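Read the structure below first, then the notes.
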Amino acid sequence: MAQITISLPDGSTRALDDGATAADVAASIGSRLAKAAVAAVVNGEEWDLGRRLPDGAAIAIVTSDSEAGRHVLRHSTAHVLAQAVTQLFPGAKYTIGPAIEDGFYYDFDLPEGRTFAEADLASIEQRMLEIVSADQPFERAELPIDEALKVFADQPYKCEIIERVRQGGADGADAGEVGSGEAISIYRNTPEFVDLCRGPHVPSTSKLGHFKLMKVAGAYWRGNEKGPMLQRLYGTAWESKAALEEHLHRLAEAEKRDHRKLAVELDLLSFPQELGGGLAVWHPKGAIVRKLMEDYSRERHVTGGYQFVFTPHLANANLFQTSGHLGWYQDGMYPPMEMDNGVYYMKPMNCPMHCLIFRSRQRSYRELPLRLFELGTVYRYERAGTLHGLMRIRGFTQDDSHIYCTEDQLQDEIASLLDFVMSVLRAFGFTDFTANLSTKDPAKYVGSDENWDRATDALRSALERYGLTYRIKEGDAAFYGPKIDIDVRDAIGRTWQLSTIQCDFNLPERFGLEYVGSDNARHRPIMLHRALFGSVERFFGVLLEHYAGAFPTWLAPLQARVLPVAEAHEPYALGVVEQLRAAGLRVDLVDATDQLGKRIRAAKLDKIPYVLVVGDSDVAATTLGVNPRGGDVERDVPLDTFVANVRQEIDEQLASARS
RNA sequence: GCCCAGAUAGCUCAGUCGGCAGAGCAUUUCACUCGUAAUGAAAAGGUCGAGGGUUCGAUUCCCUCUCUGGGCUCCA
């Protein structure tokens, strides 16, 4: 028999019989690898294990415990899901079903408008497990387009995908569902069940099994709001039972720090039904934290050279006509209020008003950069289905700044902005930042190409000067100018987009903004929009999840609680409270009505940084029993020492941000 | 806006095959006065999200709306 030679990633080569497959290679390396193998990469191309290798191939084995391997088994599990659904729901049309982060989904069109119920998940899962134990192969075949259309004759969505391949319009957005070129690749599990797919897949369904169907959702065919609404099933899939369980555990942990849950538990804020969707009221404890955040922000803005302004919450329609918001964005605004002297709208943004302030008198280049700052509350009529706790809300406060500068000042201004933004974010415990640079969408923009190029260059070189890693999002800019978004990574590794720095060529034009230059001629300023928290509400929500409700001492609503052991210790305890308050700490006292253990438990559940227990020995020696959050109890701490330590702790929490 | 699922005491939830609404925690009162994560007893607490329909009778079944959750789409 003829032989072929293949080379392995470590540089070694191996001789195999002609007709050998990737699975043979894995087996020849070791039985453990053979067991974990789910696919291969051959000459840079994704490859099924059972597919015959060409002579001279460079091959790497993909194992199930790698991201690439999980991707394969998730995608294969999606096929199993589709098969189970077509069996249990005769007439169901299956559309696309890609692997996604942590799992997969599959979109179905069920006959007669049937929908999945949560209760269906269990029976579908059961059928999937039967398919897994049936040890069905994933058999790859490549068909000419006309034949593929015959195979999927009763699957209109599949035919639509095939037709797009024929027209060369397959955009890959169908997440691995398309074939390539003239041939369509398909994978067959049984004589009855076949799916369109680029692959690769695991060799057999028996390689699968550690999955769970998570939820039912609606989704539009090809993401088109006008198109048919499909039924989407989401699942998660892993290489082992342990990995699956770990994932479910992670989800449970993330749920525990859900800001909506913590906001109720810690009595921070609420969304009363009577207010209407997406509108919150802040309770005293939440308000303290918010005020501290805002005060800190104000203080930093004062030293950062910003001038503070205030503007009203509503304005005559003329303003939003001038700014263009009524033209671009009316759907996102609260509906008009018809008044005797015109039509008024709630403001969806602060920038038009800041432009009015700029324009209120003649400006000189000597005033630039002019930095206007406002904690400005805006109202946007977000669509009902998009509201999400504090993260997507209809009335919110932007820490909004508009900076008017000359072209020459732009780059320095952006560089110092980056510095400012990250310094302030560090005070809130974020240390891991990445940036996105969004560039011009050629189909939708205003302003000259020259301006766009210059501004984009300024943003890019500021990022590089600052040494921040960034990704370029081509065409993702708003129509009025390029922007930088800052993402932060939180305590459990999730990223949140918070700050944004945007150039605007549109508003200075629309408002006819000008300054007098050193040449005594009039020039148009460049305008920057800049929000640091983004929205105070959303930032608060992110912080709440980041800290899991345990705010650092400087931000905690209550920094310490004093607990007298018994009634006899109350006078001393009151004295302690008084002294701590005099030292600027937020402290309360809970009297000895309940048992000490119970009061400590309540304080711990409230995530108070310090629980201070005072009894006989403390009264005698002016000391405290200090029970810190997440630490060990320390007895007989002198009151002065405690105060000094806490003050120092708070100073240190803020000092790192300013350095 | 679209698809799915929800809404019962302050919170977490049970329940009513259509017939006076239930628990734990929290609250209040009483007793206990206690040294580091739940003392005991009692009381109070509900338009069963809102409106309409069916019914002798609706928190329960049907419809509409509001709000919430999970997605899709959207996010100037």
Side-chain angles (χ1 to χ4, degrees), chain A residues 105 107-110 113 115-121 214-234 255 258 260-261 264-267 270-279 320 323-333 348-349 351 378 380-389 391-393 444 477-481 483 497 500 502 504 506-507 529 534-535 563-570 591-606 611-618 624-629 632-636:
Chain A
Y105 68 79
D107 286 348
F108 300 94
D109 188 3
L110 296 183
T115 54
F116 292 120
E118 299 279 337
D120 292 324
L121 295 184
M214 304 298 284
K215 55 203 172 198
V216 184
Y220 297 105
W221 169 236
R222 296 184 55 67
N224 176 6
E225 203 176 346
K226 304 280 184 291
M229 173 63 71
L230 305 172
Q231 293 280 304
R232 175 172 298 180
L233 294 176
Y234 280 95
E255 203 174 314
D258 187 309
R260 293 163 302 193
K261 195 175 149 69
V264 174
E265 285 173 6
L266 301 176
D267 193 18
S270 58
F271 292 87
Q273 228 192 81
E274 294 84 343
L275 269 187
L279 298 168
F320 300 117
S323 70
H325 288 110
L326 273 177
W328 298 107
Y329 191 61
Q330 189 163 14
D331 287 351
M333 292 167 67
M349 305 198 114
C351 20
V378 298
R380 300 181 181 181
Y381 196 75
E382 304 286 359
R383 299 165 84 183
T386 63
L387 298 173
H388 179 89
M391 304 305 183
R392 194 83 177 265
I393 190 172
K444 195 178 129 197
F479 69 90
Y480 52 74
K483 64 170 176 178
Q497 190 197 306
T500 175
Q502 312 188 350
D504 190 337
N506 184 47
L507 286 182
H529 303 253
S535 119
L563 302 179
V565 171
E567 206 173 320
H569 311 118
E570 261 171 46
D591 67 30
T593 306
D594 282 321
Q595 285 190 319
L596 183 61
K598 183 170 185 174
R599 287 178 286 150
I600 288 174
R601 177 178 153 82
K604 292 293 178 184
L605 291 176
D606 269 350
V611 178
L612 307 173
V613 175
V614 294
D616 287 335
S617 63
D618 300 300
L624 308 163
V626 177
N627 184 339
R629 187 176 61 198
D632 296 327
V633 172
E634 194 182 347
R635 290 283 300 267
D636 307 320

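Letters go in sequence order (proteins before strands), and every chain restarts at 1. What you are looking at is a predicted structure, and each value in this text was computed from that prediction instead of being measured.
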Base, sugar-phosphate, or nothing for [X], non-hydrogen atoms under 4.0 angstrom?
{"X": "A:Asn224", "value": "nothing"}
{"X": "A:Gly534", "value": "nothing"}
{"X": "A:Gly277", "value": "sugar-phosphate"}
{"X": "A:Gly385", "value": "base"}
{"X": "A:Arg232", "value": "sugar-phosphate"}

Q: State, to 0.1 Å, how close A:Val565 and A:Ala592 come at their nearest heavy-atom pair, and which atoms those are.
A: O-CB, 3.9 Å

Q.
Can you confirm whether A:Leu624 sits close enough to A:Val613 that some side-chain heavy atom of one is under 4.5 Å from a side-chain heavy atom of the other?
A. no

**Q.** pair A:Leu110-A:Phe116: side-chain heavy atoms closer than 4.5 Å
**A.**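 Yes - at least one pair of side-chain heavy atoms lies under 4.5 Å apart.
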
Q | Flag for A:Asp618-A:His569: side-chain donor and acceptor within less than 3.5 Å | A | no

Q) Does the side chain of A:Arg222 come under 3.5 Å of the side chain of A:Tyr220 through a donor N or O and an acceptor N or O? A) no

For [X] and [N], what is the distance between atoms [atom1] and [atom2] respectively, to the nearest whole Å?
{"X": "A:Tyr234", "N": "B:C72", "atom1": "OH", "atom2": "C1'", "result": "7 Å"}
{"X": "A:Arg601", "N": "B:C25", "atom1": "CZ", "atom2": "C1'", "result": "9 Å"}
{"X": "A:Glu567", "N": "B:U33", "atom1": "CD", "atom2": "P", "result": "10 Å"}
{"X": "A:Leu387", "N": "B:C67", "atom1": "CG", "atom2": "P", "result": "8 Å"}
{"X": "A:Lys444", "N": "B:C74", "atom1": "NZ", "atom2": "C1'", "result": "11 Å"}

With a 4.0 Å cutoff (strictly under), does any side-chain N or O of [X] reach OP1 or OP2 of [N]?
{"X": "A:Lys598", "N": "B:A26", "value": "yes"}
{"X": "A:His569", "N": "B:C34", "value": "no"}
{"X": "A:Arg260", "N": "B:G70", "value": "yes"}

Q. When you match A:Gln595 and A:Ala592 each to their closest nucleotide on RNA chain B, which lands nearer the 5' end?
A. A:Ala592

Q.
Using heavy-atom distances to pick each residue's nearest nucleotide on RNA chain B, tell me which of A:Lys215 and A:Asp594 is more 5'.
A. A:Asp594

